[in-house]
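Report on one structure; see the data block that follows.
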Amino acid sequence: MQKELLLFQKLAEKLIKAEKQEPIITPIPPKELFNILPLALQAQPADDAFFENALEKLVLNTPRTATNLFFNQLFGGRNPKATLGDLLAVLLNNSMYTYKVAGPQVGIEKEILRKSCDLIGYGKDADGTFAPGGSMSNFMAILMARDAHNDSIKKEGVLQKMTAYTSIESHYSTSKNAAFIGIGREQVRYVATNEFGQMDPKDLSVKIAEDIALGLQPFFVNATAGTTVLGAFDEITPLSKICKQHKLWLHVDGAYCGSVIFSKKYKHLVEGVALTDSFSYNAHKMMGTPLTCSIILTKHKKYLHDSFSNDATYLYQTDGDDYNLGKTSIQCGRRNDALKFWTLWKSVGTLGLEKIVDQQFHLAEVARNYIKSNPDYTLYSFDDSISICYNYKGIPAQDLCTLLYQNSEAMVGFGIFRETEFVRLVTINAGNDDKDIINFFKICEAFVTKNESLFSLKG
Ligand SMILES: *Cc1c(COP(=O)(O)O)cnc(C)c1O
């Protein structure tokens, strides 16, 4: 292994140097991929030099998500302490199903879950687990809701028409998950949003009443803390009242921005979260840990256990359920997603996690102020969001984003709200500072000026 560790160090240093010199790589067109890079597998072994060279080419030609010009997704940057944790998790290679195999790593996971439950005020019967991503956290939530609604479905299958509710601005996973749990995609109702992209409780009530009148069985409402495009937060308290009235499970999908729970200044955005039945957040988004690190919490430990446990004498042989985390997870073999978050949390403290969140909102304000003070820009998003949606000089957002990418200038994506398309800048990399944000705008402006012929400029 000594040789590989040295090679790793060498490749890592090359990458980090390259990231500074060239934050955005020149993308390889998919059709040329197999001609340009030595990806093909052969019968004969590769010799050391060829192997190293192939790896280096691969590493240096992979899109750079850790640099100060990557704003394309709801993750970015590289937190060194979290990365160290993940490297150690790979080296240790435990599977997180039993205490016998994972030992103290189980304690790492339990500690994060317990602290997270405490932060949102879930009480002593709460529990949770690490799921393989936010979509799967949402899956676990809707499945618990299904079984809480009718315990016999696990055995008999879904025999009734059950309906779920989520806003039109919510993540697409609710629809997929509805199919997975057997109720069907067509039983998802899309609730209207207000002008800020937040779910409209009145429309929710109307839709629930309509379904009840038709003899259907509403069972689940998905609220969002940080919608994928605008970064909007649904107001939880009014939704909770409706759910209590009709005995529906209320889940908050905080994959994107649920981490506001760490900030005194911003946790009001999820006010009422203690009233919900489940809550999820992705530490690999706002907290900046490597992918994937998604946490699903529920106030009702019982439902987590009832929906996901299975006895297996070949697996669960020692130590009892509380420390055999496989009893509450969706997988069997499960990678250790907890350690990377723990190394980060341990090293900076809860106060350090708060600083990460506050820095993201600060950078968002820097971006919004820049846009507001420049007449070439139109702003489409709102305060209290780390998604900054705008248009520059009336250029179609899709064209601008694609050309910036193809010309290795910057990576940023576009979004749509109420039929308006715009650039969506995400200030999720807390390693950035004010000048990185201004630099991004300057790079885009210079690119447009230099290539005016590519854009049909308004006016
Ligand atoms: C990113 C995101 C998800 C999906 O999370 P993955 O980890 O990518 O599966 C779900 N909901 C929201 C609101 C998201 O932003």
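Only heavy atoms go into these numbers, but all of them, side chains included; no hydrogens, no water, no symmetry mates. Order of appearance sets the numbers: ligands from 1, and atoms from 1 within every ligand.
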Just list the side-chain donor-acceptor pairs under 3.5 Å for residues 127-137, sequence neighbours left out, or say none.
from	atom 1	to	atom 2	distance (Å)
T129	OG1	R334	NH1	3.4
S137	OG	G133	O	3.4
S137	OG	S294	OG	2.9

Under 3.5 Å donor-acceptor pairs involving side-chain atoms of residues 223-230, not counting sequence neighbours:
from	atom 1	to	atom 2	distance (Å)
T227	OG1	G231	N	3.3
T227	OG1	A232	N	3.0

Judged by modelled atom types alone, do [X] and [Y] share a side-chain donor-acceptor pair under 3.5 Å?
X: Y256; Y: S387; answer: yes
X: Q105; Y: N94; answer: no
X: T163; Y: Y165; answer: yes

Considering only heavy atoms, which protein residues lie less than 4.0 Å from any atom of ligand 1? L74, G133, G134, S135, N138, H171, T224, G226, T228, D253, A255, Y256, N282, H284, K285
For D433, the side chain to side chain donor-acceptor pair (under 3.5 Å) test, sequence neighbours excluded, returns K435
